[in-house]
Structure formats: structure tokens, C-alpha cells
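The structure appears right after this line, and notes come after that.
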Amino acid sequence: MAHDSHQQAIRAAAARLGRRRFLTATGAAAALAFTTNLPSAQAAQVSSHSLTDDPFTLGVASGDPLPDAVVLWTRLAPRPYEPGNGLPEEGTVTVDWEVARDEHFQRIARRGRTSAHAEFNYTLHVDAKGLESDRVYWYRFRAGKWTSPVGRTRTAPSAGARIHDVRFGLVSCQAYHDGYYTALARLADEDLDAVFHVGDYHYEYAVNATGGARNYTDRRVPALFNKETVTLEDYRLRYALYKSDEDLQAAHAAFPWYVTWDDHETENNYADDVDENNSPPEEFLIRRAAAYRAYWENMPLRMPQRPQGPDMRLYRRFHYGRLAQFDILDTRQYRSNQAYGDGWQYPGPDSEDPARTLTGAAQERWLLDGFRRSQATWNVLPQQVTFSQRKNTTAARSKLSMDSWDGYPASRDRILTGVEQAGVENFVVLTGDVHVHYAFDIKKDFDKPDSRTLGVEFVGTSISSGKDGADKPDNWSTYMAANPHMKFYNGRRGYVTVTLDEQHARADYKTVPAVTTPGAPLTTAASFVSEAGNPGLHSA
């Protein structure tokens, strides 16, 4: 198993590097990243009444809603831009939490007391259970004299329930240094049941004193952010910087989020244990363990998702009554290395090798089994990289992206064969990564435009990555001509809202004209629908 081989590689790295080096540089942060035990019950108590500064500077979040439960998250950080959040290196802080049926907390549904542990960087993951299905709740935390901002969340419908519709947001790619999170501020004003974040929640790249393209004149970003993230401390601090953004906090507080990562939460375009610079796998796995640990700490995820060293089970399944099944994928942790050195390359025997995989064998079996067992009207696949074929020239033989499903066509074919064999009539793929809006018909054979349409793909642009962008990028005409199954292409920043009901899937592509200056207005650039039982996109 990958987990066992990874543990062996790390032990080998420790032996080769020697204890002194292993406990310095990247190894110092890895020591905690590899611990798998729960914090000690005997950990020293830090009095919540000793908190002289507001510890809820990074807001609140909720996620992974079930019919009777939802995860509530916060992080105690009175000084968020310091290692350790401005709290002791060891210890626990007692925190109270409440879930209410009304925003004024007059009707409490559930309440409890828990501890924020230094070992988890004073983050909390409260699995609030015993809730009613398909209803809105409000929640908050208390520590000492301090009360957190109020968050709004919603449970999922009960299994088998017939519901009229579900509406959710699709977001990804929010490079802090590329611009403001105006799109997230607009998202927070939507009427949604949930949000799917499909990767690149943060970037490993340095952020300078003026916040990059944000070009701050009223503040300075501390110098400790002006470097690439490598250690556990680096990753924890990077989440603090991103989560200090008020627009991101507003979007988290407005809806429950389902999250999955792509590459930049760890390192650009990594594949399993191979990083961008082809470092020794045992060294990269140390960095991956730190990144995965910090990701789990800072996302509204349950304890079963807590990583063990460099391994973390992030793919998981959720149901919304009989209407929708969501199979959230992880296309980074288990993938074969990109063929032909990555980037845009001509396909060939290496990329088309049937043994290559984007999901790994276990996740693929889980997904195909889920298709066979599904009784939902819509089978939705929130995942990271472009699923549909994407040629960059109109020539008969064109280069393709080796980092997307085009670089793993056998893996894609197995998924589509599984869709057909399971009789899945309404297949929807949700994608991020590429910093543009796309709308695709998913074809049985992408090289034959008249082949059967098996589903549709909604690709959401970035929140800020790529800076302002353009409605029609320079390659717009070429891409639209080269890919007849591509129904829409827009290069601005923004997000997608997707509505599912018994008759249709609808995607509304939202854009903002600029992210390098704050406060831009929101526009619906295009809307498409696909009819249940008759897949294929049409303008709404």
C-alpha cells in the first residue's frame, strides 16, 4: 500500500539525513506532521480568561454537512501572523460552541464544550450531531470573554428524501498575491445550499510586503510570508494570511463548504510523491506531510480525514436525498507522474499507457462502485483538473495538457465506461485549476463530435489567480474552433452557481471585471442548462 511505502521512505530519509539534520529545516516541522496520536488528555490548560486579545481573528467555517450533522471549524489566533498564533507552544484552551435555530441564538439546538490543542495549532473541528435534516442553522464559539463571529450553515436532506432542487457554488484558485477576493464577497450574498471548493485554496509562493497585485498602501504583509512554504510552520502561517481576508471569512460564514485540494496546497503540479523539481521522493514526502497536516487543520473536515504522515483520505461521498450524489475526488495524491515532462505535449505511447492513472486504483474502484449503486437523479463529480479533451490548435494532431485528464486518457476512458455500464444518465463534472470558465459536453469519443454525449462539465474560473484576465483570452477563437464540444470560454475571475432539479442542471457563470482593485461588480457572463435524461448544454 502507498501508506506503507511512504512510511518506509520517510524512515529511510531520517536515517540518511541523520537526526541532527532531520530535526532542522524541513524536518523540524515534519516531526509534528508525522504524529498520529490524539493530543494528550493531560495537556496543560491555558486559561481562556487569560486571552487578552480576540482569538477569533480567522473567522469561522462549516463543512461536509450530513442530514443530521455538520462540521464546525475555527482557529484560535490572537496574533495570527506569528508562529503558534500568539498562544503557548503546548497546552489546550477550553472553547464552548452553540448551534441555534435562529440567528439571535434564542432557540439553541445543540451546544457543547471542547478543547483547542496546541498540537493541532489551536484549530477546532466540532462534529455537531443530532441536527434536523435540510434546515438552516447558525453557530458560534466562545473562549473566555470572547465570542466568535456567527456562521450560517445548513444540513443535507435525509436519505431518500424528494427535494425540489439544490443550489451550490463552485470555486477554486485563490492566489492571495494575484488580487482581491471580491468574487468571494459576491458569493457570500448568493442564496446557496453549499459551496464546493475544488482546489488551490492557497499557494505556496512568496507574498511580498504589499500583498503582490493587491498593492497595499494601508498595511504591510510581514516579511515571514515572503518565501515559499516548505515546513509545517510555513503552511500554517500561509493559511492564517489567507483566512485573515474578510471576503473569504464572509463566504465561509455564509454556507457549509465541501473542500478538496489540487496542487498548490502542497506544491505546483506534484504527482503522488514526485514534486516539480524531481526531488528525492522521501524528501518531498516530508513536505507533503506538513502540507497535508496544515490543510486538515485549517479546513472544516472530520477526524477520519486527519492525515497519517504524508497520506490523507480526502475522496468521499455525499448525498442530497434522491436528487444528487456527490463523489468528491482527489486527483493529486495517487496519480502517475505527468507524461513527457508535463506541460502541453503531443500525446503518445507514454501518456496513452493503459496502466496510467489519475485517481489511483482504490479511488477508481470506489468511484465506479458508487456509480453502480447510485439511485440519484444527478451524479456529480467535484474534482480538480479539466476532464474534457482540450486541444490548443485546430490541426488534426494537437498538443494536450499532460497535467489534466488529457494526459491520462485511459483513466478517463475507464470512468466514462463506468458511467455507461452503470446506466448513469445525468453525469456532471465540476472542475477548477485552469483560471478560466469553460462549459463542455462530455463525449464518448472527443475526436468524433457526433459521438454520444455522456454528460456535461462545468469548469469554474479562479477567484483571483491570474489577476484580472479577459472575457476573450488571446486563444479564444482557436480553442472554440478546435474543440466543438466546448460551448463556452471566458477568462475573467469569478465563480459558478449550479442548480439541480428533477428536470435540469443549470450553470450560471459569474465574473468580475477586476481583482487587482477591490469592489468590482458581478456579472452573469453566460448560463447553460442540460436536460435530465438528455445530456448536452444549451444556452439558458
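- Note: Glu364 CD to Tyr334 OH = 13.5 Å, rounded to the nearest 0.5 Å.
- Asp468 places a side-chain N or O within 3.5 Å of a backbone atom of Thr516 that can act as its donor or acceptor partner.
- Taking a cutoff of 4.0 Å between a charged side-chain nitrogen and a carboxylate oxygen, Asp327 and Arg317 qualify as a salt bridge.
- Checked against ring-ring contact (aromatic ring centres under 6.0 Å, His included), Trp146 has no partners two or more places apart in sequence or in another chain.
- Residues passing the salt bridge (charged side-chain N to carboxylate O under 4.0 Å, His left out) test with Asp127, sequence neighbours excluded: Arg302.
- Between His202 and Tyr242, the ring planes are perpendicular. Angles over 60° get that label, and only those under 30° would be called parallel.
- The main-chain N or O of Asp272 is found under 3.5 Å from a side-chain atom of Arg288 such that the two form a donor-acceptor pair.
- Ring planes of Phe120 and His117: perpendicular class, angle over 60° (limits at 30 and 60°).
- Taking the six-membered ring wherever Trp is involved, the centroid distance between the rings of Tyr201 and Tyr295 does not fall below 6.0 Å.
- For the residue pair Tyr489 / Asn475, a side-chain donor-acceptor distance below 3.5 Å is found, with atom types taken as modelled.
- Within the model, atoms OG1 of Thr266 and CG of Asp275 stand 11.0 Å from one another, a figure rounded to the nearest 0.5 Å.
- Glu457 and Trp405 share no donor-acceptor pair across their side chains, judged by distance under 3.5 Å alone.
- Looking at Thr92 and Ser115, their side chains never bring a donor and an acceptor atom within 3.5 Å of each other.
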Query - Full working for side chain to side chain contact (heavy atoms under 4.5 Å, CB included) between Tyr239 and Glu297 - result: CA-CA 10 Å; Tyr239 281 108; Glu297 287 176 346; over 6 Å; no

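- Salt-bridge check for Arg287 with Glu228: passed, with a basic side-chain N closer than 4.0 Å to an acidic carboxylate O.
- Under the 4.5 Å side-chain criterion, counting only non-hydrogen atoms from C-beta, Ile328 is not in contact with Leu314.
- At a threshold of 4.0 Å, the pair Arg167-Asp165 does not count as salt-bridged, since none of the basic side-chain nitrogens sits closer than that to a carboxylate oxygen.
- Screening residues 146-157 for salt bridge (charged side-chain N to carboxylate O under 4.0 Å, His left out) gives Asp134-Arg154, Arg154-Asp193 as the qualifying pairs, with residues at least two apart or on separate chains.
- Remark: Glu246 engages no residue in a side chain to side chain donor-acceptor pair (under 3.5 Å) (not counting sequence neighbours).
- The distance from atom OG of Ser172 to atom CD of Gln174, rounded to the nearest 0.5 Å, is 8.5 Å.
- Put simply, the side chain of Val456 does not reach to within 4.5 Å of the side chain of Phe440, judged on heavy atoms.
- Residue pairs meeting the side-chain hydrogen bond (donor to acceptor under 3.5 Å, both in side chains) criterion with at least one member in residues 175-189, sequence neighbours excluded: Tyr176-Tyr216.
- Taking CZ of Arg79 as the start and CG of Asp53 as the end, the distance is 6.5 Å to the nearest 0.5 Å.
- Sequence neighbours left out, the pairs with a member in residues 54-73 that pass salt bridge (charged side-chain N to carboxylate O under 4.0 Å, His left out) are Asp64-Arg316.
- Between Pro65 and Pro256 the shortest side-chain heavy-atom distance falls below 4.5 Å.
- Between Lys227 and Asp234 there is a salt bridge, since at least one side-chain N of the basic residue sits less than 4.0 Å from a carboxylate O of the acidic one.
- A salt bridge links Asp406 to Arg412: one of the charged nitrogens lies within less than 4.0 Å of a carboxylate oxygen.
- The salt bridge (charged side-chain N to carboxylate O under 4.0 Å, His left out) contacts involving residues 199-221 comprise Arg214-Asp245, where partners must be two or more places apart or lie in separate chains.
- Glu190 has its side chain within reach of Lys510: a pair of non-hydrogen atoms, C-beta onward, lies under 4.5 Å apart.
- Legend: residues meeting side-chain contact (heavy atoms from CB on, under 4.5 Å) with Thr461, ordered by chain and number and at least two apart, are His437, Arg493.
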Query raised in the report: Yes or no on side chain to side chain contact (heavy atoms under 4.5 Å, CB included) for Leu367 and Tyr315, after CA distance, side-chain angles and deciding distance?
Result: CA-CA 9 Å; Leu367 178 61; Tyr315 62 89; over 6 Å; no

Query raised in the report: Going through the distances and angles, do Arg492 and Asp471 end up as a salt bridge (charged side-chain N to carboxylate O under 4.0 Å, His left out)?
Result: CA-CA 6 Å; Arg492 291 290 187 189; Asp471 288 320; 3.5 Å; yes

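- For the side chain to side chain donor-acceptor pair (under 3.5 Å) criterion with Gln384, the lone passing option out of Asp433, Thr260, Thr431, Asp262 is Thr260.
- Distance check, rounded to the nearest 0.5 Å: CG of Asn337 to CG of Asp273 gives 9.0 Å.
- Residues meeting the ring-ring contact (aromatic ring centres under 6.0 Å, His included) test with Phe326, sequence neighbours left out: Phe168, Phe196, Tyr320.
- Qualifying ring-ring contact (aromatic ring centres under 6.0 Å, His included) partners for Tyr139, counting only residues two or more places apart in sequence or in other chains: none.
- Applying the side chain to side chain donor-acceptor pair (under 3.5 Å) test to Thr517 and every residue at least two apart in sequence or in another chain returns nothing.
- At a threshold of 4.5 Å between non-hydrogen side-chain atoms, the residues Leu192 and Leu187 count as touching.
- In this structure, Met312 and Asp330 have side chains that are not in contact, with every pair of non-hydrogen atoms separated by 4.5 Å or more.
- Side-chain atoms of Ser388 and Met486, non-hydrogen and from C-beta on, never get closer than 4.5 Å to each other.
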Requested in this report: Let me see the working for Tyr509 and Asn490 under side chain to side chain contact (heavy atoms under 4.5 Å, CB included), right down to the final yes or no.
Outcome: CA-CA 9 Å; Tyr509 288 86; Asn490 180 286; over 6 Å; no

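- Between Ser62 and Tyr137, every side-chain heavy-atom pair lies at or beyond the 4.5 Å cut-off.
- Applying the ring-ring contact (aromatic ring centres under 6.0 Å, His included) test to Tyr203 and every residue at least two apart in sequence or in another chain returns His264.
- Between the Arg135 side chain and the Thr155 main chain, no donor and acceptor come within less than 3.5 Å of each other.
- Applying the side-chain contact (heavy atoms from CB on, under 4.5 Å) test between Tyr270 and each of Arg332, Gln338, Glu276 identifies Arg332 as the sole match.
- A distance of 12.0 Å separates CG of Asp508 from CG of Leu170, quoted to the nearest 0.5 Å.
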